[in-house]
Visitor: 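Next up is a structure, given as structure tokens.
Every chain is numbered from 1 and lettered A, B, ... according to where its sequence line falls, protein lines coming before strand lines. Owing to the predicted nature of the structure, the values given are computational and were not obtained by experimental measurement.
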Amino acid sequence: MSRKNGNSTVPLMHWFVVPFRMITDARVLEPEFVPQEVAYRDAEIDALASALDPITRGETPEPVFLFGPSGTGKTCIAKYALDRLHETIIDLSHQYVNCWGDYTRYKTLYRVLEGVDKALDVHRQSTPTDALLDRVYEYDGPPYVVILDEVDQLADVDVLYDLYRAHNLSMVLIANREEDVFVQLDERLQSRLQSATRIRFDRYEMDALVGILRDRVRWGLREDAVSDKILRRIADAAAGDARIAIGILRRAAQHATEQELETVTERIVDSAVPKAKTELTQKNIEKLNDDQRVLYEIISDHGEIDPPDLYNEYRNRVDDSKTDRMLRYYLQKMQHYNLIVADGENRGRTYRVVDSEK
DNA sequence: CCTCCACTGGAAGATCGGGAAG
DNA sequence: CTTCCCGATCTTCCAGTGGAGG
């Protein structure tokens, strides 16, 4: 992480070429970074801490739900609260699982076992899901808290029921919208989760966002590199989304460094904004397979296209074409990834790419 | 209004890839 | 080596749906 610049035997000429190092710690600008101190979310932290408080008495808390738009600190607060809890309870296990990537029952259970080192010999593919579940139920170690992020992305919500029944295991469930989670649950699980604590996260106010950015500058950049005026400009462009705001700051700092500027300018920020906003989309496109990418390109080319034209165009462009049913699975997946939108049902349906602002 | 029919998406089964057991 | 088993992927089949056009 830290660069070795203390090699005194060799003169490092390029340090003189770049006399001003703007970024002092790049980690604090990464999306996953969890600060030691968290501001502006005291109420939510307190609510989460008290929901998890039964652990300190040796009891298993009911599941806790964190709801709110992206970039409002849900993941960060969940991780932060567990780190703090770990300081008071030495004997505590916890694991973070992102259901967006590990969306099957099998993968989720695998991650859960991984968190308590019970998955070491499960690398073989011939271990059935039921065997993983048995291991989860056999767990008899210290209290175990599992953070399930993007829980609305689970293909099979049964895993929530699996984990609910597990001994000594509690869940922190994170999703954007409450409805997306609850409509999927069967009545049995719904009634059991009725009493669960729900904590809402709203978009950050301007001042809060500026404060968050100012902290990041203090921890990771040369303090005088970014003025408050610039921070306000970044916060304004991020519209209450801290993830985007920090993304803009990171890109702006990188661009400024490349151009050997001593401070981040308005021009730099303005060029970083669109890139930071489409960063997630770009990452998702990279995850698509060849067939999916062809579909995405066709939809992108046409702006708006109905299913028959889409399927035909796809078959024109691809040699070894998949069945239409498979294309529908791909299209569902791409909606899942927030890359495309389907308007209408059945015959009236058309597909278009997200944010084709025209 | 009614009927037709093209598209959707659930269900079930086949196939793939890879690891383990014999 | 072959055989078996797993999850993931893909195909096949088809009931349901709702728009188009009598």
Visitor: Would Arg84(A) count as a cation-pi partner of Tyr80(A), with NZ or CZ less than 6.0 Å from the six-membered ring centre and within 45° of the ring normal?
Guide: yes
Visitor: Taking the six-membered ring for Trp, are the ring centroids of Tyr40(A) and Tyr204(A) within less than 6.0 Å of each other?
Guide: no
Visitor: Do other residues, nucleotides or ligands put more than 12 heavy atoms under 6.0 Å from Asp301(A) CG?
Guide: yes
Visitor: Side chain of Glu345(A) only, please: which of dT9(C), dC6(C), dG18(C) is the nearest?
Guide: dG18(C)
Visitor: Looking at the side chain of Tyr106(A), which of dG9(B), dG7(C), dC10(C) is the nearest nucleotide?
Guide: dG7(C)
Visitor: Mind grabbing the angle between the end helix axes of the helix from dC1(B)-dG22(C) to dG22(B)-dC1(C)? Five pairs an end, 10° rounding.
Guide: 10°
Visitor: So, Tyr337(A) versus Tyr330(A), ring centres under 6.0 angstrom or not?
Guide: no
Visitor: Would you say Thr104(A) places a side-chain N or O within less than 4.0 Å of OP1 or OP2 belonging to dG7(C)?
Guide: no
Visitor: So, OP1 or OP2 of dA8(C): does either fall under 4.0 Å of a side-chain N or O from Arg105(A)?
Guide: no
Visitor: Please report the distance, rounded to the nearest Å, between OH in Tyr110(A) and C1' in dA8(C).
Guide: 16 Å
Visitor: Would you say that more than 12 heavy atoms from the other residues, nucleotides or ligands in this model lie under 6.0 Å from the CG of Asp140(A), or not?
Guide: no
Visitor: If you find the nucleotide of DNA chain B closest to Tyr351(A) and the one closest to Arg347(A), which residue's nucleotide is nearer the 5' end?
Guide: Arg347(A)
Visitor: Measure from CG on Leu331(A) to P on dT9(C) and round the result to the nearest Å.
Guide: 16 Å
Visitor: Over how many whole Å does the gap from Arg328(A) atom CZ to dA6(B) atom P extend?
Guide: 14 Å
Visitor: Whole Å only: how far is the CG atom of Asn289(A) from the C1' atom of dA8(C)?
Guide: 13 Å
Visitor: Expressed as a whole number of angstroms, how long is the span from Asn346(A):CG to dC4(B):C1'?
Guide: 14 Å
Visitor: Considering only heavy atoms, which members of residues 318-325 of chain A lie under 4.0 Å from some atom of DNA chain C?
Guide: Lys322(A), Thr323(A), Arg325(A)
Visitor: Nearest whole angstrom, please: distance from the C1' of dG7(C) to the NZ of Lys107(A).
Guide: 9 Å
Visitor: I'd like to know if the side chain of Arg293(A) reaches the main chain of Glu286(A), judged simply by a donor and an acceptor atom lying under 3.5 Å from each other, with no hydrogens or angles considered.
Guide: yes
Visitor: Using a 3.5 Å distance criterion without hydrogens, assess whether the side chain of Thr72(A) forms a donor-acceptor pair with backbone atoms of Pro69(A).
Guide: yes
Visitor: Establish, yes or no, whether the cationic atom of Arg317(A) lies under 6.0 Å from the six-membered ring centre of Tyr314(A) and within 45° of the ring axis.
Guide: no
Visitor: Can you check whether Tyr329(A) has a side-chain N or O nearer than 4.0 Å to OP1 or OP2 of dT12(C)?
Guide: no
Visitor: Give, for atom NZ of Lys333(A) and atom NZ of Lys287(A), the distance between the pair rounded to the nearest 0.5 Å.
Guide: 10.0 Å
Visitor: Within this structure, what is the CG-to-C1' distance between Asp306(A) and dC7(B), rounded to whole angstrom?
Guide: 11 Å
Visitor: In whole Å, what is the span from the OH atom of Tyr311(A) to the C1' atom of dT8(B)?
Guide: 8 Å
